[in-house]
2 protein chains.
Amino acid sequence: MKLSLRGEYALRALLVLGLNYKQSVLRIQTISQHQNIPKRFLEQILNDLKSAGVVESKRGVAGGYRLARPPADISLASVIRHIEGALAPVSCVSECFYEKCSCPDEARCAIRSVMKQARDAVVAIVEKLTVADLCERARELQELHANPVDFVI
Amino acid sequence: MKLSLRGEYALRALLVLGLNYKQSVLRIQTISQHQNIPKRFLEQILNDLKSAGVVESKRGVAGGYRLARPPADISLASVIRHIEGALAPVSCVSECFYEKCSCPDEARCAIRSVMKQARDAVVAIVEKLTVADLCERARELQELHANPVDFVI
DNA sequence: TTAAATCTACACTGAGTCAATAGACATTTT
DNA sequence: AAAATGTCTATTGACTCAGTGTAGATTTAA
């Protein structure tokens, strides 16, 4: 898995929307400023996430975006797959985006077997984590920084 | 981590060279035919691996390539890093190719923390595995296919 | 010493992707 | 009606990828 800026921005935007869940919509500009993302680019990305059913929008003067589903129902894997495509390092080990590769015998390919291992490790992580986990982790990191515990005796 | 064709070809070539270790050099064409890799492209890749000290070459009519070091001393991580660059999904969690990202606070970035987890998982796999392991695995897969065990009673 | 087979080096290209940017338009509230 | 927002489509410039082209350099064998 390799994240492009597009994918990174998508996750950052979802994190902000997750922290704002159950409240009113957030304007693109607000997210853009808060997360340091080019506004017009973020427009495209949020639109894309809308077509995936991850977020929903309200138009007009008091418009903006909010999550379309509870944060705990949005897995990072589903988001990344929608924005970036395959999670696997090579497409011949991808479950959702499989493509045949040019090696002489896929079934006996040692490299494929290694790559499958790598894929499974990554998928295990991002399939389990949701936007809710992301929010929780963000709050923890915030706490940690606000009240830094001194471990030196 | 995402492998381009270049990286995949490099690993496939190293596997063949590993299986041929301690014997004479292998011609590009031999590897190219065996692994179904465009010959001219493979030339570039092997040259690149030579500059990394992974393989060495012999010129002239009976020339070709062989591994420059024992297969067990060549980790997949080092090869992939040389051909592809960072193993991490985003460069702000890369150890060898770190780059600052645009997020407001890297130390408190929840996404970064997730990405670091994914990076560590992948690195643990490819850092441990070597070309020797790849060869062993290839031989196992060969055996398995030659004498398929029937588990149905 | 010549010919053939190989590696070496560098440049080039066509297709595609990435990260935006542009501009026109639709919708909603005040 | 005006202003603030989201929607949609197209375009751009830089870059990467995967491969080709061409011209050599080196070595061995005849």
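The sequence lines fix the lettering, A, B, ..., with proteins before strands; numbering per chain opens at 1.
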Visitor: NA contact type, A/Ile28, heavy-atom cut-off 4.0 Å: base, sugar-phosphate, or nothing?
Guide: sugar-phosphate

Visitor: Kindly state each residue pair satisfying salt bridge (Lys or Arg N to Asp or Glu O under 4.0 Å) with at least one member in residues 93-102 of chain A, sequence neighbours excluded.
Guide: A/Glu95-A/Lys116

Visitor: Calculate the interatomic distance between A/Glu43 atom CD and C/dA22 atom C1'; express it in whole Å.
Guide: 11 Å

Visitor: Cut-off 3.5 Å, side chains only: do B/Ser102 and A/Arg12 have a donor facing an acceptor?
Guide: yes

Visitor: Could you state the atom-to-atom distance from CZ of B/Arg27 to C1' of C/dC7 in whole Å?
Guide: 12 Å

Visitor: Answer yes if the side chains of A/Ser91 and A/Ser94 hold a donor-acceptor pair under 3.5 Å, and no otherwise.
Guide: no

Visitor: Where the side chain of A/Val61 is defined as all heavy atoms beyond and including C-beta, which of C/dA20, C/dT29, C/dC7 is the nearest nucleotide?
Guide: C/dT29

Visitor: Any carboxylate oxygen within less than 4.0 angstrom of a Lys/Arg side-chain nitrogen, looking at A/Glu56 and A/Lys50?
Guide: no

Visitor: Hey, does the side chain of B/Asn47 come within less than 4.0 Å of C/dA9's phosphate (OP1/OP2), counting only N and O?
Guide: yes

Visitor: Run through A/Val123, A/Val122, A/Ile125 and flag the one making a side-chain contact (heavy atoms from CB on, under 4.5 Å) with A/Met1.
Guide: A/Val122

Visitor: On DNA chain D, check which nucleotide each of A/Gln44 and B/Gln44 is closest to and give me the residue with the more 5' one.
Guide: A/Gln44

Visitor: Roughly, in whole Å, what's the span from CD1 in A/Ile45 to C1' in C/dT17?
Guide: 15 Å

Visitor: Can you work out whether A/Ala62 or A/Ser4 has the more 5'-proximal nearest nucleotide on DNA chain C?
Guide: A/Ser4

Visitor: Tell me, do A/Arg6 and A/Ile45 make a side-chain contact under 4.5 Å, heavy atoms counted?
Guide: yes

Visitor: I need the NZ-P distance between B/Lys50 and C/dC7, as an integer number of Å.
Guide: 11 Å

Visitor: Atom CZ of A/Arg12 to atom C1' of C/dA19: distance rounded to whole Å?
Guide: 14 Å

Visitor: Between C/dC7 atom C1' and B/Ile31 atom CD1, what is the distance in whole Å?
Guide: 12 Å

Visitor: Tell me which of B/Leu46 and A/Lys58 sits closer to the 5' end of DNA chain C, going by the nucleotide each one is nearest to.
Guide: B/Leu46

Visitor: Whether B/Tyr65 contacts C/dT8 is assessed here as follows: a side-chain N or O lying under 4.0 Å from the phosphate OP1 or OP2. Is that the case?
Guide: yes

Visitor: For B/Arg40 and C/dT13, what is the distance between atoms CZ and C1' respectively, to the nearest whole Å?
Guide: 14 Å

Visitor: If I take atom CD in residue A/Glu56 and atom P in nucleotide C/dT28, what distance separates them, rounded to the nearest angstrom?
Guide: 14 Å

Visitor: Mind checking if A/Gly60 touches a base, just sugar-phosphate, or nothing, with heavy atoms under 4.0 Å?
Guide: base

Visitor: So what does B/Lys39 touch, heavy atoms closer than 4.0 Å: a base, only the sugar-phosphate, or nothing?
Guide: nothing

Visitor: Could you tell me whether B/Glu43 and B/Arg40 have a side-chain N and a carboxylate O separated by less than 4.0 Å?
Guide: yes

Visitor: On DNA chain D, which is the earliest and which the latest nucleotide, 5' to 3', with an atom closer than 4.0 Å to a heavy atom of chain A?
Guide: D/dA4 to D/dA10

